[in-house]
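Each ligand, and each atom within it, is numbered from 1 in the order the structure gives.
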Amino acid sequence: MSKQEIVVACRQVCVTFSEPGLSVEVLHGIDLSIPAGESVSVVGASGSGKSTLLHTLGGLMGPTSGEVFLSGQNLTGLTAAQLGEVRNRHLGFVYQFHHLLPEFSALENVAMPLLIRGDSVADSTEQAVLILERVGLSHRLKHKPAELSGGERQRAAVARALVTYPDCVLADEPTGNLDQKTAAQVQELLLELMETEKLALIVATHDLQFARSLSVQYELRDGRLHQLP
Ligand SMILES: Nc1ncnc2c1ncn2[C@@H]1O[C@H](COP(=O)(O)OP(=O)(O)O)[C@@H](O)[C@H]1O
Ligand SMILES: [Mg+2]
C-alpha cells in the first residue's frame, strides 16, 4: 500500500474482559485512523486500557467487537498464520520491558524478525547490523541482554521493531522503565526513526512531555479516547 494511506485503523472497537460473575468493559467503541508519518500518544491512568488498546491494534488480541485494520488488511477473521505474517511484515512492537531473548546476542535478537520471515542469515545479519548502528549500538552487537544497560536494551528493542521497516510501530510505555536522561534519548530515537521512515507511531506513555511531542495526543478514559486540549 502507498505510504500516504491509512496504516492503522479501528472501528468501534470494544474489549470486555469476562470472568465468572464479573465483566469489565475496558474499551468502549474506539475509532482511530492513523496515516503514515503520524505519531499518536495515548496517556491515561494505570488500568485505563492503554496496553489493551495497543495489543488490539497490533493483533495480539482480538476485540470483543469492532474491527481493526493494519496496512489495509482487516485483522478480523484472519487465521493465526495470516495474522503472524501481517504482523511480521507491517508492525513493530516495543514493550516497557525489552522482551529480548536472554540467550541471544543483540545482533541475533534484532535479526530474528527477518529470519522468521525467511530472509537468509547473511541478509538478516547485514540488515540487523545497519539498524543497530542507527540506534547507536554498533559496539554492542555480540552482547547479550544481561550485558547491556537498560537504555541499550531498549534501543536494541527499538532496533528489533524497526529492522523489517514496518509501516507502524506500537510502543507500550517504551521508556517507563528508564531514568529520565536515558528515556529522553530513546524518545528522541523513536521520533527520529518515525520521521525518516514515515511510519505511523502509536505510543502509550505516562510521560506527558513525551506525549506532547507527538502529533496527536489522546487520553484514554472510561474506555474512550479523548483528544488532549
Ligand atoms: N487478560 C486480562 N483479563 C482480565 N482483565 C484484564 C486483562 N488484561 C487487562 N485486564 C484489565 O483491563 C484493564 C486495563 O488494563 P491495561 O490495558 O493493562 O491498562 P493500562 O495499560 O492502561 O495500565 C485493567 O483493569 C486490567 O486489570
Ligand atoms: Mg499498560
Treating [X] as the side-chain partner and [Y] as the backbone partner, does any N or O pair qualify as donor plus acceptor under 3.5 Å?
{"X": "Arg11", "Y": "Gly66", "result": "no"}
{"X": "Ser215", "Y": "Ser39", "result": "yes"}
{"X": "Asn109", "Y": "Ser105", "result": "yes"}

| message | The test is side-chain contact (heavy atoms from CB on, under 4.5 Å); show your working for Ser138 and Leu132 and say whether it passes. | response | CA-CA 6 Å; Ser138 44; Leu132 278 159; 5.9 Å; no

Would [X] count as a polar contact of ligand 1, with the cut-off being nitrogen or oxygen pairs under 3.5 Å?
{"X": "Glu19", "value": "no"}
{"X": "Phe17", "value": "no"}
{"X": "Glu173", "value": "no"}
{"X": "Gly49", "value": "yes"}

| field | Candidate with minimal heavy-atom separation from atom 21 (O) of ligand 1, of Gly44, Ser18, Ser51 | value |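 Closest candidate by heavy-atom distance is Ser51.
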
| task | Using heavy-atom distances, let me know which of Thr52, Val42, Leu27 sits nearest atom 15 (O) of ligand 1. | result |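 Nearest heavy atom to atom 15 (O) of ligand 1 lies in Thr52.
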
| From the Mg ion (ligand 2) out to just under 2.8 Å, does an N/O/S atom of Gln96 turn up? |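 Of the N, O and S atoms in Gln96, none lies under 2.8 Å from the Mg ion (ligand 2), which means no.
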
| Are the aromatic rings of His55 and Phe93 close, with centres under 6.0 Å apart? |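 So the answer is yes for these two rings.
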
| message | Can you tell whether the side chains of Glu108 and Arg160 come within less than 4.0 Å, N to carboxylate O? | response |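 Not counted as a salt bridge, because no side-chain N and carboxylate O are separated by less than 4.0 Å.
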
| task | Could you list which atoms of ligand 1 come closer than 4.0 Å to a heavy atom of Ala45? | result |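 By the 4.0 Å cutoff, the relevant atoms are 22 (O).
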
| request: Could you check atom 13 (C) of ligand 1 against the protein and tell me its nearest heavy-atom contact, residue, atom and distance included? | output: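 Looking only at protein heavy atoms, the one closest to atom 13 (C) of ligand 1 is Gly47 O, 3.5 Å.
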
| query | How close does the nearest protein non-hydrogen atom get to atom 12 (O) of ligand 1, and which residue and atom is it? | reply |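 Residue, atom and distance for the closest contact: Val26 CG2, 3.2 Å.
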
| query | Out of curiosity, is Val24 lining ligand 1, as in a heavy atom under 4.0 Å away? | reply |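 For ligand 1, residue contact (heavy atoms, under 4.0 Å) with Val24 is absent.
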
| task | Take every heavy atom of Ala204, measure it against each atom of ligand 1, and state whether any distance is under 4.0 Å. | result |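 Not so, Ala204 does not reach ligand 1.
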
| Of Val129, Thr196, Leu162, which meets side-chain contact (heavy atoms from CB on, under 4.5 Å) against Arg134? |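 Exactly one candidate clears the test, Thr196.
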
| query | Right, does atom 27 (O) of ligand 1 have protein non-hydrogen atoms nearer than 4.0 Å? | reply |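 It does not; no protein heavy atom is within 4.0 Å.
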
| request: Establish whether Val24 and Leu220 are linked, either directly or via other cluster members, by ILVMFWY side-chain heavy-atom contacts under 4.5 Å. | output: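 Hydrophobic grouping puts Val24 with Leu220.
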
| task | Sequence neighbours left out, what passes salt bridge (Lys or Arg N to Asp or Glu O under 4.0 Å) with Glu38? Give chain and number order. | result |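 By the salt bridge (Lys or Arg N to Asp or Glu O under 4.0 Å) rule, Glu38 matches no residue at all.
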
